[in-house]
Amino acid sequence: MSYIESILIALSFGIDSMIVMRNQAEKTNIRLTRAIGVSALISIIGVAMIILGIFIGDILRFETPDSPTAYTATNTLVFVGLTVVVTIRTLWGSLKHESNIAYDISRWSTVIALAIALGINLLIYGIGVGFLYHSEHIETTVCLPLFPCLFLLNYLGIMFGRQKTPLRERRWKILSSVLLLSIAIYCVIDM
């Protein structure tokens with residue numbers, strides 16, 4: 001996995017997280033100094049979730065002892081399938097016409113629960129990455145751009161929410177989905 005792909009993955013998940021944090025901060029009064037801690041905690045849990053997903057995917061990947069590359073096409077298709085699942089989960093929230101539920105992000109227990117909920121997509125995508133790439137250094141390749149991108153976009157989302165700046169959520173989610181799907185298509189072509 002190249003760093004360009006990792007940066008696109010980080011931007012995709014960061015955009016989705018930014019939208020959620022903007023909606024939470026709009027309803028909850030939170031100071032910007034506390035927002036730094038909230039952003040850091042959500043970023044750390046998100047990175048931990050994708051590392052866990054990569055570990056699980058590496059265990060579950062298809063390979064034989066005599067020919068480790070025999071199931072490369074199968075592993076790529078599992079990655080593409082899990083990417084499509086994450087994309088559908090991302091877009092499904094923007095297609096519903098219900099009002100967004102806001103949680104009190106001034107409490108740390110709520111922030112941890114919200115970070116785990118945001119990390120589910122990272123876990124699913126990490127399982128797909130674990131199926132696709134078999135390397136000891138894949139965690140660092142994925143996580144180096146992921147942590148700063150999640151941190152900055154979470155913080156930006158909190159600042160947008162405090163100022164009640166309107167975002168066009170559907171456009172941002174479509175951009176996030178296009179980034180993920182472009183990586184999946186590139187992996188199929190590169191196969």
Side-chain angles (χ1 to χ4, degrees), residues 6-54 56 82-129 139 142-181 183:
S6 299
I7 290 170
L8 291 177
I9 291 167
L11 282 174
S12 175
F13 287 110
I15 288 169
D16 191 36
S17 184
M18 176 186 70
I19 293 168
V20 171
M21 294 311 295
R22 184 238 172 252
N23 292 335
Q24 306 309 313
E26 183 179 25
K27 308 276 193 298
T28 304
N29 189 11
I30 185 170
R31 292 182 303 187
L32 288 179
T33 53
R34 187 175 180 95
I36 291 173
V38 168
S39 298
L41 183 63
I42 290 175
S43 302
I44 289 169
I45 291 175
V47 168
M49 293 288 273
I50 199 164
I51 288 174
L52 178 66
I54 290 171
I56 291 170
L82 290 174
T83 302
V84 168
V85 167
V86 170
T87 304
I88 290 171
R89 282 178 48 93
T90 301
L91 289 176
W92 185 258
S94 67
L95 294 178
K96 293 188 294 187
H97 295 290
E98 299 172 3
S99 62
N100 293 326
I101 299 171
Y103 301 103
D104 185 13
I105 57 173
S106 63
R107 296 184 353 208
W108 289 109
S109 59
T110 306
V111 171
I112 291 172
L114 184 62
I116 291 171
L118 284 172
I120 297 297
N121 280 347
L122 284 164
L123 177 73
I124 294 169
Y125 194 78
I127 291 171
V129 170
E139 290 90 3
V142 171
C143 295
L144 279 178
L146 184 65
F147 180 79
C149 192
L150 278 177
F151 178 78
L152 292 174
L153 287 174
N154 280 327
Y155 194 69
L156 185 65
I158 291 173
M159 288 192 293
F160 283 157
R162 283 177 46 108
Q163 297 295 322
K164 303 202 180 0
T165 304
L167 288 179
R168 297 178 184 228
E169 291 183 24
R170 284 188 184 174
R171 290 183 184 176
W172 283 104
K173 287 194 180 218
I174 288 171
L175 174 65
S176 171
S177 300
V178 166
L179 289 174
L180 279 180
L181 288 176
I183 292 170

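- The neighbour count for R34 CZ, taken as heavy atoms of other residues, nucleotides or ligands under 6.0 Å away, is above 12.
- Listed by first then second residue, pairs satisfying salt bridge (Lys or Arg N to Asp or Glu O under 4.0 Å) with a partner in residues 36-45 number zero, not counting sequence neighbours.
- When all heavy atoms of A10 and C149 are compared, the closest pair comes out as O-SG, 3.4 Å.
- Without hydrogens or angle criteria, T90 side chain to V86 main chain gives a donor-acceptor distance under 3.5 Å.
- Rounded to the nearest 0.5 Å, atoms CD1 (I51) and SG (C143) are 3.5 Å apart.
- Between atom CD1 of residue I116 and atom CG of residue L123 there is a gap of 11.0 Å, rounded to the nearest 0.5 Å.
- Within the structure, salt bridge (Lys or Arg N to Asp or Glu O under 4.0 Å) contacts touching residues 15-24 (residues at least two apart or in different chains) are D16-K173, R22-E26.
- Pairs passing the salt bridge (Lys or Arg N to Asp or Glu O under 4.0 Å) check and including a residue from residues 109-118, sequence neighbours excluded, do not occur.
- Here the side chains of I183 and L179 are not in contact, with every heavy-atom distance at 4.5 Å or above.
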Anything under 3.5 Å between a donor and an acceptor, one on a side chain of residues 39-49, the other on a protein residue two or more places apart or in another chain? List them.
residue, atom, partner, partner atom, Å
S39, OG, A35, O, 2.9
S39, OG, Y155, N, 3.3
S43, OG, S39, O, 2.7
S43, OG, F151, N, 3.0

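- The structure places OG1 of T83 at 11.0 Å from CG of N121, a figure rounded to the nearest 0.5 Å.
- You'll find the side chain of V178 stays beyond 4.5 Å of the side chain of T87, heavy atoms only.
- Residues passing the side-chain contact (heavy atoms from CB on, under 4.5 Å) test with L156 are M18, L153, M159, F160, sequence neighbours excluded.
- Applying the ring-ring contact (aromatic ring centres under 6.0 Å, His included) test to F13 and every residue at least two apart in sequence or in another chain returns Y125.
- Going from atom CG of L175 over to atom CG of L180 covers 10.0 Å, rounded to the nearest 0.5 Å.
- The two residues I158 and A25 make their nearest non-hydrogen contact at O-CB, 3.6 Å.
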Take I120 and R89 through the side-chain contact (heavy atoms from CB on, under 4.5 Å) test and state the conclusion after the steps.
-> CA-CA 10 Å; I120 297 297; R89 282 178 48 93; 3.6 Å; yes
Taking it one step at a time, do L150 and L118 satisfy side-chain contact (heavy atoms from CB on, under 4.5 Å)?
-> CA-CA 11 Å; L150 278 177; L118 284 172; over 6 Å; no
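- Under a 3.5 Å cut-off, the side chain of R162 and the backbone N or O of I30 do form a donor-acceptor pair.
- Between atom CG of residue L8 and atom OG of residue S176 there is a gap of 11.0 Å, rounded to the nearest 0.5 Å.
- Only one option out of T28, V20, N29 pairs with I105 in a side chain to side chain contact (heavy atoms under 4.5 Å, CB included); it is T28.
- With rounding to the nearest 0.5 angstrom, the CG atom of L52 is 7.5 Å from the CD1 atom of I127.
- At least one side-chain heavy atom of V38 sits under 4.5 Å from a side-chain heavy atom of M21.
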